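Throughout, a chain's letter reflects where its sequence line sits, starting with A, and its residues are numbered from 1. Keep in mind it's a predicted model, so treat the numbers as computed, not measured.
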2 protein chains.
Amino acid sequence: MIDKQTEILRAALKLFVENGFHGTPTSLIAKEAGVANGTLFHYFSTKEELIVSLYVAIKKNLSACMVLEEDSFSSLKEQMKYIYVSALKWGIDNTTEFRFIQQFISSPYLLKLAPEEIQQKNTRILQLFQQGIDEKIIKKLPIDLINTLVNSHLFGVSQYVNQCQLAASERDNIISYSFELMWEMIAL
Amino acid sequence: MIDKQTEILRAALKLFVENGFHGTPTSLIAKEAGVANGTLFHYFSTKEELIVSLYVAIKKNLSACMVLEEDSFSSLKEQMKYIYVSALKWGIDNTTEFRFIQQFISSPYLLKLAPEEIQQKNTRILQLFQQGIDEKIIKKLPIDLINTLVNSHLFGVSQYVNQCQLAASERDNIISYSFELMWEMIAL
DNA sequence: GTCTATATCTCGATAGAC
DNA sequence: GTCTATCGAGATATAGAC
């Protein structure tokens, strides 16, 4: 065990996804993490703080995977595909984290986050949408709508792929093809 | 008050969406419903049964809105649009129910449902997808994938419209237009 | 069927030794 | 920082009168 705090977060993630926030007492989290009950409250002053911290940590992790290399000379579509595929692969390779996010954002804990935390940090993708509209590549729609549609799309595909347990090659096919489906939806 | 059982369900829906399953004690539900604590447990033997019953009731309600009149001579696309629009309007006019469904299916309570309950009753829409594929109107993809994509799409649009608080005419525009977006995605 | 009253239990959080 | 021990609050569910 490298770090008890990390270990607590790991245990909490696993148990919350299995049993929900309600169904997971802090005592069980401590046990699963291999630490004492009191130790948990040394790192997180309340259960709620633990839940919210976990969300922030996971979201940070996801954002890190969606960074585009600067000075990229590829086309707008290729840039978007890169980000899309990164996000999708993350959702597929991190099923538990993915399910946690889903659970969290559908719960009232979402409102405990500072509004600035909720708002999309990753404005790079929003910039790309705007650029696409300006260059008449993407349909002229409200940016927020496009963003919502693309996010839902990603959610749907992740869910489908996670359910199906496909082989790696088949999986990559779907990922790639699903981008084209999404693209046909938003492209002019 | 017509029916205490209905009143309990109504109160539970409101409070669960506001405070989550965890944050809503049965005592509060009883109070909000205007009945005694014991009465709640007369109708629902456990809190969990109440939660699951509420989901089933709401799902039934939604399904009822998605029925297509028989003997419809309209085209496949028009039939699908009718169902799509009905579902979307339901999600927009019943924000609370919509949020409850979202919360429920992201929670571990989903697993408490009998598998047959989870599975899509409304196979009419699945039949339409299959028919569309056979007639080479819709892309040849796994039915489950199409279904997942359309569902996510509906979710996304509902969420967007609910957030934006649009005027009625604007709202209808988006509903109609979003169908076309979805159609471009799945149509050949 | 509906109520009041309450039993029983578990959980979140704290206190204090080490 | 980490542990053990425990308090007090509040939860679900029941018992029993009406």
Side-chain angles (χ1 to χ4, degrees), chain A residues 1-58 100 103-104 106-114, chain B residues 1-58 100 103-104 106-114:
Chain A
M1 186 190 308
I2 301 172
D3 177 6
K4 290 196 191 270
Q5 184 169 8
T6 312
E7 209 60 29
I8 291 166
L9 286 171
R10 192 197 53 73
L13 170 63
K14 181 188 172 222
L15 293 171
F16 283 146
V17 169
E18 271 171 23
N19 312 316
F21 300 129
H22 173 204
T24 310
T26 51
S27 57
L28 195 66
I29 297 173
K31 195 191 237 177
E32 165 82 25
V35 304
N37 207 312
T39 306
L40 187 150
F41 286 95
H42 172 72
Y43 288 105
F44 306 96
S45 58
T46 66
K47 184 180 181 181
E48 181 174 308
E49 194 195 303
L50 168 60
I51 293 172
V52 175
S53 299
L54 181 55
Y55 175 75
V56 171
I58 291 176
F100 178 84
Q103 197 173 310
F104 183 88
S106 311
S107 83
Y109 288 110
L110 181 63
L111 301 172
K112 308 294 169 131
L113 270 178
Chain B
M1 186 189 308
I2 302 173
D3 177 6
K4 290 196 190 271
Q5 185 168 8
T6 313
E7 208 60 29
I8 291 167
L9 287 170
R10 192 197 53 73
L13 170 62
K14 182 189 171 220
L15 293 171
F16 283 146
V17 169
E18 271 172 22
N19 313 316
F21 300 128
H22 175 203
T24 309
T26 50
S27 56
L28 196 65
I29 297 173
K31 195 192 239 177
E32 165 81 23
V35 303
N37 207 312
T39 307
L40 188 150
F41 286 96
H42 172 71
Y43 287 105
F44 307 96
S45 59
T46 67
K47 183 181 181 180
E48 181 174 309
E49 194 196 304
L50 168 60
I51 293 172
V52 175
S53 300
L54 181 55
Y55 175 74
V56 172
I58 291 175
F100 178 83
Q103 199 173 310
F104 183 89
S106 311
S107 83
Y109 288 110
L110 181 63
L111 301 172
K112 308 294 167 132
L113 269 178

**OP:** Could you check if a side-chain atom of Phe16(B) sits within less than 4.5 angstrom of a side-chain atom of Leu54(B), using non-hydrogen atoms only?
**Re:** yes
Original post:
Mind checking whether Lys112(A) and Glu49(A) have side chains closer than 4.5 Å, heavy atoms only?
Top reply: no
**OP:** Report the distance from atom CD1 of Ile29(B) to atom P of dG10(D), rounded to the nearest whole Å.
**Re:** 17 Å
Original post:
Is any side-chain heavy atom of Leu113(B) less than 4.5 Å from a side-chain heavy atom of Phe104(B)?
Top reply: yes
**OP:** Flag the pair Glu32(B) / Ile29(B) as yes when at least one side-chain heavy-atom distance between them is below 4.5 Å, and no otherwise.
**Re:** no
Subject >> Nearest non-hydrogen partners of Asn19(B) and Pro108(A), listed with the distance >> reply: C-CG, 3.4 Å
**OP:** Strictly below 4.0 Å, heavy-atom distances to any atom of DNA chain C: list the hits from residues 38-50 of chain B, or just say none.
**Re:** Gly38(B), Thr39(B), His42(B), Tyr43(B)
Original post:
What is the 5' to 3' range of DNA chain C, first to last nucleotide, that sits under 4.0 Å from any heavy atom of chain A?
Top reply: dC11(C) to dT14(C)
**OP:** Using atom types as modelled and distance alone, determine if a side-chain donor or acceptor of Ser106(A) lies under 3.5 Å from a backbone N or O of Ser106(B).
**Re:** no
Original post:
Under a 4.5 Å cut-off applied to non-hydrogen side-chain atoms, are Leu9(B) and Tyr43(B) in contact?
Top reply: no
**OP:** Please tell me if the side chains of Tyr109(A) and His22(B) come closer than 4.5 Å, counting only heavy atoms from C-beta onward.
**Re:** yes
